[in-house]
Every structure is written in structure tokens, then in C-alpha cells.
Q: 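Pasting a structure below so you can have a look.
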Amino acid sequence: MLSAIIKRNGTSVPFDSAKILNAVNRANKAVNAEEMSPTDLLFVTEKVCKRLEAENLRHVEEIQDVVEDVLIKYGYAQTAKAYILYRAEHAKIREAETYLMDIYKKLTWSPAQEEDIKRENANIDGDTAMGTMLKYGSEGSKFFIDNHILPKDISAAHSNGDIHIHDKDFYMLTETCCQIDLIRLFKNGFFTGHGYLREPNAIESYSALACIAIQANQNEMHGGQSVPNFDFALAPGVRKTFVKEYHSAFADYIQVKTECSPGEALALERKIYSAVGPEMDMGARAEYAAGPECALDPDLLPLARKAHAHARDQALRRTDRRTYQAMEAFIHNLNTMNSRAGAQVPFSSVNYGTDTSPEGRMVVKNLLLATQAGLGRGETSIFPVQIFKVKAGVSFNPGDPNHDLFKLAMETSARRLFPNFSFLDAPFNLQYYRPGDYNTEVAYMGCRTRVIGNVHDRSREITCGRGNLSFTSVNLPRLGLEAGGDIRKFHALLDERVDLVFRQLLHRFKIQSSKKVRNYPFLMGEGIWLDSDSLGWDDAIEEVLKHGTLTLGFIGLAETLKALVGAHHGESAAAQELGLEIVGRMRERADAEARKTGLNFSLIATPAEGLSGRFAALDRKKYGLVPGVTDRPYYTNSFHVPVYFPINAFRKIKLEAPYHALTNAGHITYVELDGDPSKNLEAFEAVIRCMYEQGVGYGSVNHPLDRDPVCGYVGVINEVCPRCGRREGEGVSPETLKTLRGKYADVPPWK
Amino acid sequence: MLLDTEKNSLKTRLSPRLIGEGTKFERTRRITGYLVGTLERFNNAKRAEERDRVKHGV
Ligand SMILES: [Zn+2]
């Protein structure tokens with residue numbers, strides 16, 4: 001009798017024939033025929049044991065081979081088949097587990113510099129404890145989703161690179177992103193899950209609470225957080241600050257001039273103020289000057305008039321300064337505050353530029369100035385992503401009330417890469433716009449997400465309280481390679497792939513829908529998501545989630561066109577025509593699915609950070625090196641003209657603009673400018689105006705932005721720093737730095 | 001950072017004390033709409049993409 005067997009890992013354990021019996025029994029139960037009695041089971045087990053002994057077989061794989069043989073030999077063919085399947089299944093799981101453990105080993109012992117997996121997302125530091133912990137969770141979750149949740153064909157389509165399910169690790173948990181209406185949230189205060197915060201009363205607390213809201217929401221979602229109406233939302237903070245500053249300066253003036261007590265000064269200030277009537281604000285401050293004339297005791301008039309003039313100017317100055325500091329703190333906080341257990345800062349975006357009130361304008365002006373100044377040592381701030389809304393009649397043209405801010409925004413972007421620019425007059429954005437209602441102004445989230453149309457509720461085609469639920473991208477170049485120049489075949493393949501993606505998005509939506517308000521104490525519990533305030537703590541969120549978008553994405557249009565017709569859209573007009581046809585077809589499919597389901601199916605020009613490399617690598621393995629398609633380590637972003645293709649900026653914009661109209665779930669166009677555009681603002685403005693004219697929805701200008709941490713220089717640094725003259729790695733003498741410090745304000749301190 | 005490590009002490013004695021030796025330039029770039037403070041945090045494919053980018057004339 002066999003005494004011990006050898007396991008797969010080489011260790012030896014006591015032999016137990018009951019294990020064989022149980023395995024055979026399990027296989028037999030799985031088929032509807034060949035019913036085996038306990039005696040039959042014992043018979044088979046005994047035959048197996050005898051043969052193991054006779055042939056001196058001890059390894060677990062050998063034992064399993066014998067079980068198969070014996071089952072077949074004694075006429076249990078179907079049971080044998082079930083047993084083989086069971087073996088294969090377990091082998092697969094074991095293999096996958098080994099795979100997962102290999103990943104964990106990489107995460108644990110390799111520095112991020114060497115492991116791409118630790119740099120999938122450039123804004124997570126994969127070398128830190130919490131960054132690694134996050135990756136353990138993420139990789140373990142992906143394994144679980146692949147092996148236990150996803151339908152087999154969908155799981156296979158993802159792993160072989162036909163499609164890419166974004167944020168798959170969050171499949172069972174939450175949604176992508178949300179556009180937060182701070183105005184609504186701040187009213188009457190809110191609860192963060194850790195503490196209750198009162199309605200803010202000054203610009204500093206507005207700024208701080210905005211950060212906290214973004215942070216709290218980020219912890220409940222896997223994508224970014226956006227404020228679609230930042231200027232409107234923060235303006236009340238400026239207003240409250242101004243009013244307080246005004247009254248205090250007024251009273252101070254009276255106290256000094258009449259040499260009375262602080263209490264008397266305050267009483268007199270109150271008396272004058274109540275005689276005047278309407279509440280003071282920055283916009284009404286000019287009219288207010290005339291106010292005291294009519295209602296006051298004539299003896300007090302001269303004093304009141306002087307006090308008013310003093311208070312008005314003083315309050316304006318102080319409010320301006322405090323707003324600047326609040327915006328500085330806002331940026332600083334969003335670049336340093338933790339989310340996701342400290343591995344990340346929140347992915348935040350703020351949209352602004354259409355509030356023409358003096359308070360809203362003060363917010364934007366100071367946010368831009370603080371952005372220009374940079375962080376503590378003059379570094380460029382990475383967050384929030386800033387988006388300036390361009391609109392004729394508001395900001396676009398000379399004479400528009402916010403034209404000065406538009407100019408300042410371009411100047412800031414030319415220096416610091418932010419803000420980006422959104423174009424409310426692009427026809428597909430303009431159709432929602434109603435003057436004076438920020439909720440109808442398109443906003444963009446972070447990388448490019450756009451949420452405004454709403455087939456679920458046509459009366460709620462608005463930005464606030466809505467976001468993307470999930471998105472999945474199609475590997476377009478692979479379809480191009482499969483079709484081999486046959487356009488009809490390509491379209492048939494594409495249709496099939498799109499069907500798969502829709503099925504998967506709905507599968508995920510079902511899971512998301514089953515969640516309860518209590519799973520999202522902030523997002524739903526505080527009523528940030530549209531209509532969630534109508535739900536109870538234990539209600540499912542399905543109905544309100546329908547305001548969100550289910551999104552189909554794509555990358556590599558350029559490589560697809562190369563595969564299909566040998567040229568991309570930058571190279572040939574026919575390719576451009578075909579490109580528009582392909583993307584147009586995907587949009588038609590999304591629209592049709594939206595009509596069919598009443599859900600917001602939509603099309604996004606996928607931001608492909610990790611994906612561009614993943615698809616390209618898989619396809620190179622599968623199809624070899626195909627010139628123009630798989631010969632680079634990345635696929636081109638969405639519908640972009642390839643980055644390596646030399647093309648004039650205006651022509652690039654012209655070629656990409658029509659795709660913006662088709663991609664209703666988001667899009668962006670970049671232009672790469674040479675040198676330091678802050679020294680050539682005309683060129684910068686020409687690019688932005690061209691985007692406007694061509695019907696781009698969202699665009700921005702890239703340019704090299706370098707900084708020397710030693711002397712604080714910001715701009716283009718080639719080999720030698722233009723300010724201090726050092727090369728990378730070289731030092732600078734203390735005397736040189738001292739001289740520079742006399743010349744420039746932003747030379748950082750060195751101990 | 002002062003040059004007070006042993007490795008640098010010889011150099012420091014030989015030449016006037018220099019500030020910032022060994023410090024790299026920071027290069028901020030945009031990928032997929034987000035800015036990244038240093039190219040070192042890009043993944044391999046994106047590094048290649050960044051390298052390939054050509055400027056667009058205006
Ligand atoms: Zn320098």
C-alpha cells in the first residue's frame with residue numbers, strides 16, 4: 001500500500017485513498033448518467049490504488065492520470081470526461097494563482113523604475129507602502145473579477161486584448177466620476193463620514209471645504225472628481241468675506257475719526273448701514289456710495305460718506321488678498337492631501353470662466369495668479385486639472401465681460417500647462433447652453449470625460465450631480481489587422497465587438513445598480529449624485545444611477561487606418577473620410593443602444609495611459625511587426641493624428657475637430673508648441689482661437705515645461721539652465737545664488 | 001541639500017562649496033490630460049510616446 005504521495009510543489013504528504021474516492025464521486029455527480037453506487041466508487045478506488053502500487057507511481061499528476069485511465073477502462077467515459085474537465089479547471093486556477101503570486105512578488109521586491117506594473121498610473125507612487133498595498137488590492141481584485149465574476153467570453157476578450165475594461169479592479173465596487181455641485185452641498189453644511197462641517201462663511205473656509213468635498217467623494221469612486229462651476233461655487237465665499245471686511249473697516253474708521261469706543265463705533269455703523277437698505281456686496285458697492293444721502297441724519301452724512309469710501313476700498317483690497325491666499329491654499333491642498341490610503345492625491349478638476357459677477361471674477365483671477373506662481377518652491381501644480389470655459393459674449397471676444405480672464409488664462413496656460421480650454425460654442429455643446437444657468441454649461445472632467453446629454457431624463461440634461469458609470473475600450477487596430485483591408489469585414493467585426501462591450505457594460509451596470517445608498521455615504525448619502533437625496537439609506541441606487549453614462553471607447557484610430565488603407569488621417573483625405581465613418585458608426589451604435597435601453601450609452605475618445613502600451617504589445621505578439629501599426633511600443637491616443645507625424649498645428653486641429661462632435665462622452669485635442677509659448681502669446685492665442693473656430697470641444701497646448709529646483713527657473717531647459725548656467729547634476733556657488741536672489745523673487749531657499 | 005556626505009567631502013574641500021550638486025532638472029509633461037511632475041513616473045509605452053512627439057508649427 002502506498003504510504004505517501006508527492007505534491008506539485010515537491011513536498012510529500014500521507015496517502016489517503018478517500019481523496020481519490022471523493023474526486024471520482026464529484027466527477028460522477030457532475031454528469032447525469034453512469035450513476036455510481038458506493039460499491040462502484042470503492043471498486044474504482046481500489047483499482048486505482050492497485051495500479052499505483054504495481055507501477056510505483058507517487059506523484060499527484062501521475063495519480064490523476066491513473067484515475068482517468070481506470071474510469072475509461074471500466075466504462076465510465078462521461079465521468080472520466082468530467083474528471084478531466086475538473087482537472088483542467090483546477091490547473092487553470094493554479095496557474096492563475098501562480099500568476100497572481102508572481103505579480104505580488106514583483107510588487108514586493110522590484111522598484112517602480114524597473115516594473116511597468118508599478119507605473120501604470122503615473123500619479124500613483126508605486127514604491128510607497130500604501131501605493132504597493134493599493135496594487136496588492138487591485139491585482140487581487142482583478143484576479144477575482146476575471147475568475148469568478150465576468151462571463152467567460154468577456155473575461156477572455158479582456159485578457160487577450162480585444163477590449164479593455166477600464167478600472168476592472170473596481171468592478172464590484174463603484175462608479176467612475178462625478179461633477180460635484182458645491183453650491184448645493186455647502187447649503188446647510190454637510191457630513192463627511194468623519195465629521196460634520198457647517199456652511200462656510202469666508203473664502204478660506206469655502207476653499208478648504210471644496211478640497212474636503214473633493215477628497216471625500218474621491219474615496220467613494222474610482223475616477224476623478226470635478227467641480228463644473230468653480231467660480232459660481234466659490235463666489236459666495238468672496239461675497240461673505242467682502243461684507244465682513246466692509247463692516248469692520250467701516251466701524252474702524254468711525255472709531256478712529258470720532259474717538260469713540262469700539263462698541264459705539266459698531267452701533268453707529270449698524271445704524272448707518274440699516275438706514276441704507278440693501279445688503280452690501282461687491283457688485284453694488286458703487287451704488288451704495290449714493291445710498292447714505294437719502295436716508296441718514298444729515299449730521300452723520302459726511303462721516304458716513306467718508307467711512308464708506310474707506311471701507312469699500314479697504315474691503316476690496318483685503319478680500320482680494322484673502323482670495324488669493326485661499327486659492328493658493330486650494331491648489332496646495334489638492335497637490336498634497338491624501339486619498340486612497342495616502343497613495344494618491346485626489347484626481348481633481350475645476351471648470352470656470354463664465355461667472356461675470358465681481359466675486360466670481362475675483363475667484364478666477366486669483367486662482368490663475370496662484371497657478372502662475374506655482375507651489376511653495378515655484379513648482380508647477382499637477383492638480384487640479386483646470387478648465388477655462390470659452391464662450392462668445394462672455395469671454396471669447398474683446399469687450400466680453402470676462403475677456404480679461406480669458407487672456408489671463410492663456411497667459412497662465414502658456415506658463416504652466418493649465419488651464420485647458422473648453423468651448424461652449426461648439427455646436428454639440430451649445431445645444432445645451434442656457435444663459436445664466438451653469439448647470440447647462442458643458443464641463444470636462446480631468447482627462448476628457450464629458451457628461452451632459454441625458455436620454456434617461458430629457459429634462460435633466462445638466463452637468464451637476466452626474467458622471468460616468470464605467471467605460472470599456474475596443475482595440476480598434478486589431479480589427480483593422482483582422483480585416484486585412486476589407487472595409488466591410490472591418491465593420492462587421494466592429495459591430496460584433498461593440499455588441500460585446502455593450503453586454504459587458506450592462507453586466508457591470510447590474511452590479512452597480514444593486515448597491516445601496518449606505519455604500520456611498522458621501523456621494524449618495526449627502527445627495528451629491530443627482531436625485532440621490534430622494535433615496536433612503538437602504539434603498540438601491542439603480543434609478544438614480546441611470547443619470548450616469550455607460551461608455552464605449554476606442555484607441556488607435558491612426559493605426560487602424562494604416563492597417564486598412566495604408567495611410568492614417570494625417571496622410572490622406574480618404575483615410576480621414578474612413579476615420580470619420582468608423583467613429584461615426586460607433587457613435588450610431590451608442591445612440592441606438594441608448595434609445596433601446598433608455599440608458600446613457602455614449603462614445604468616448606479613450607484616454608489611454610496604460611492601455612496604449614498594452615494593446616500594442618499584445619498585437620505585436622499576435623501579428624508581428626506591421627509597419628505603421630505595431631512597430632511602435634504604443635497605439636495612438638483615440639482619434640489623434642500620431643504624435644510622431646509632422647503636421648502644422650492648425651491642420652491638426654482641423655482634422656481632429658470633427659471627431660469631437662462624434663465623441664459625446666469626451667474628447668481632447670492637443671497641440672505641441674515648441675519653445676516657451678509664454679514668450680509668444682500670439683501663437684498660443686492663435687491656436688486656441690483656431691480650436692474655437694473649428695468646433696473643438698476641449699483642447700490644450702503642450703509645451704516643454706522644465707524647472708531647475710536649484711535656482712527656481714521655470715521654462716525650457718535644454719542642456720544648460722538659462723538662469724544659473726548649471727548642467728543637470730552640477731552645483732552652483734552660493735555667490736551666484738545670492739546674486740540671482742537679488743534679481744528674482746522665486747529662487748528657492750537653500751540651507 | 002548641503003554637500004555633507006562623505007562621498008562629497010573631498011570635492012567640497014577642494015572647490016568652493018557648491019549648492020544643488022546631483023540635483024536633476026524637473027520635467028513636467030502632460031499625458032492623457034493629466035500632468036506628471038517627472039518623466040520617471042511614465043510607464044514604458046508613454047515614455048516612448050513622449051520621446052516620439054514632434055512639435056506642431058504655427
Ligand atoms: Zn538654474
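Because only heavy atoms are used, hydrogens play no part in the values below, and waters and symmetry mates are left out as well, while side chains stay in. Keep in mind the model is a prediction, meaning the values are calculated, not measured. A, B, ... follow the sequence lines: proteins, then strands. Residue 1 opens every chain.
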Q: For the CZ atom of R651(A) and the NE2 atom of H56(B), what is their distance to the nearest 0.5 Å?
A: 11.0 Å
Q: Under 4.5 Å heavy-atom distance to chain B, tell me which part of V641(A) shows up: side chain, backbone, both or neither.
A: neither
Q: Among L737(A), V714(A), N648(A), V732(A), which residue has the highest count of heavy-atom pairs closer than 4.5 Å to chain B?
A: V732(A)
Q: Does any backbone or side-chain atom of F645(A) lie under 4.5 Å from a heavy atom of chain B? Answer side chain, backbone, both or neither.
A: backbone
Q: I'd like to know if the side chain of R30(B) and the backbone of L417(A) have a donor-acceptor N/O pair within less than 3.5 Å.
A: yes
Q: Which atoms of P704(A) come close to chain B, meaning under 4.5 Å heavy atom to heavy atom: side chain ones, backbone ones, both, or neither?
A: both
Q: Heavy atoms only, distances under 4.5 angstrom: which of T380(A), I647(A), T736(A) has the most pairs with chain B? Name it, please.
A: I647(A)
Q: How far apart are the C-alpha atoms of V58(B) and D674(A), what are their side-chain angles, what is the distance that settles it, and do they pass the side-chain contact (heavy atoms from CB on, under 4.5 Å) test?
A: CA-CA 10 Å; V58(B) 287; D674(A) 204 359; over 6 Å; no
Q: Could you report the tightest heavy-atom contact between A45(B) and S612(A), atom names first, then the distance?
A: CB-OG, 4.3 Å
Q: What is the distance from atom CG of L18(B) to atom CZ of R726(A), rounded to the nearest 0.5 Å?
A: 11.0 Å
Q: Could you check whether any side-chain N or O of E728(A) sits under 3.5 Å from a backbone N or O of F25(B), counting only pairs where one atom can act as donor and the other as acceptor?
A: yes
Q: Looking only at heavy atoms, which two atoms of T23(B) and P709(A) are closest? And how far apart?
A: CG2-CG, 3.7 Å
Q: Using heavy-atom distances under 4.5 Å, tell me whether S381(A) contacts chain B through its side chain, its backbone, both, or neither.
A: backbone
Q: Tell me the residues of residues 679-688 of chain A whose non-hydrogen atoms fall below 4.5 Å from those of chain B, in number order.
A: A683(A), V687(A)
Q: For residues 716-723 of chain A, tabulate all N or O donor-acceptor pairs below 3.5 Å that involve a side-chain atom, not counting sequence neighbours.
A:
| from | atom 1 | to | atom 2 | distance (Å) |
| --- | --- | --- | --- | --- |
| R723(A) | NH1 | C711(A) | O | 2.9 |
| R723(A) | NH1 | D746(A) | OD1 | 3.0 |
| R723(A) | NH2 | D746(A) | OD1 | 3.2 |

Q: If you round to the nearest 0.5 Å, how far is CD of E26(B) from CG of L705(A)?
A: 9.5 Å
Q: Inspect the surroundings of NZ in K55(B) and state if more than 12 heavy atoms from other residues, nucleotides or ligands are less than 6.0 Å away.
A: yes
Q: Examine distances only and state if a side-chain atom of R29(B) and a backbone atom of N702(A) form a donor-acceptor pair shorter than 3.5 Å.
A: no
